[in-house]
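Below: the structure, in structure tokens.
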Amino acid sequence: DAGVIQSPRHEVTEMGQEVTLRCKPISGHNSLFWYRQTMMRGLELLIYFNNNVPIDDSGMPEDRFSAKMPNASFSTLKIQPSEPRDSAVYFCASSLQGGFTEAFFGQGTRLTVV
Amino acid sequence: DQQVKQNSPSLSVQEGRISILNCDYTNSMFDYFLWYKKYPAEGPTFLISISSIKDKNEDGRFTVFLNKSAKHLSLHIVPSQPGDSAVYFCAASASKGGSEKLVFGKGTKLTVNP
């Protein structure tokens, strides 16, 4: 398996534009997580899905952020409109559901909003 | 509210010596703990884990110790090697109650000097 695949690897956009980050989890994994990494806050959990259903989105910072998982092999994180303070590295991770399992991370998307 | 805390942002050790990375948690529902290692421009990768029914887990040069009464865990690396230089994240989850989300600390940057 190729692991968790995220695209794009880098994104530079202007303030106010819509940004969509994409993730393909490992086949067979039924939990998917979106994290954001910043210097100040470390790795923050934004939202996670079990079997394509959002379970906990309490980490989503504002209504400008939304996430979807239309099927078991694809998820998106959208920011609309984007702001400079959204600049960070966004990671997607997947795991087997059921506790006592590790999550496997993608390589991340480095987002810069200017 | 940081449920998982890594109070040392950085640690520097000499090659061959022991590295000890510390982590504290506040949520008594956490029963599974993990350490991840992260190199620049890559996603975090799973290193070692421990469930709350154990107090020690060893894998080669890496050992994780869990002190439930103190809500403290530590990662020991011995002997340390220059290739161990990375950011180490502590993570925790509560497997019961249907929530398997991983909560991360802010990380400790380990530098192993040749």
- What heavy-atom pair brings B/Leu34 and A/Thr101 nearest, and what distance separates the two atoms? CD2-O, 4.3 Å
- Message: Under 4.5 Å from any heavy atom of chain A, what part of B/Phe33 do you find: side chain, backbone, both or neither?
- Response: neither
- Task: Tell me, yes or no, whether the heavy-atom count around A/Arg64 atom CZ, taken from other residues, nucleotides or ligands under 6.0 Å, exceeds 12.
- Result: yes
- Do other residues, nucleotides or ligands put more than 12 heavy atoms under 6.0 Å from A/Glu14 CD? no
- A/Asp63 atom CG, neighbour heavy-atom count above 12 within 6.0 Å: no
- For B/Pro44 against A/Phe91, the heavy-atom pair lying closest together: CD-CE2, 3.9 Å
- In Å, rounded to the nearest 0.5 Å, how long is the span from CE of A/Met40 to NZ of B/Lys106? 6.0 Å
- Query: Tell me, do A/Arg41 and B/Phe104 make a side-chain contact under 4.5 Å, heavy atoms counted?
  - Reply: no
- Item | Part of A/Leu43 lying under 4.5 Å from any heavy atom of chain B | both
- Item | salt bridge (Lys or Arg N to Asp or Glu O under 4.0 Å) against B/Lys68, all qualifying residues, sequence neighbours excluded | none
- Query: Do other residues, nucleotides or ligands put more than 12 heavy atoms under 6.0 Å from the CZ atom of B/Arg61?
  - Reply: yes
- Query: At what distance, to the nearest 0.5 angstrom, does CG of A/Asp56 lie from NZ of B/Lys101?
  - Reply: 3.5 Å
- Message: Using ring centroids (six-membered ring only for Trp), state whether B/Tyr36 and A/Tyr35 fall under 6.0 Å.
- Response: no
- salt bridge (Lys or Arg N to Asp or Glu O under 4.0 Å) contacts in which one or both residues fall within residues 23-36 of chain A, not counting sequence neighbours: A/Arg36-A/Glu44
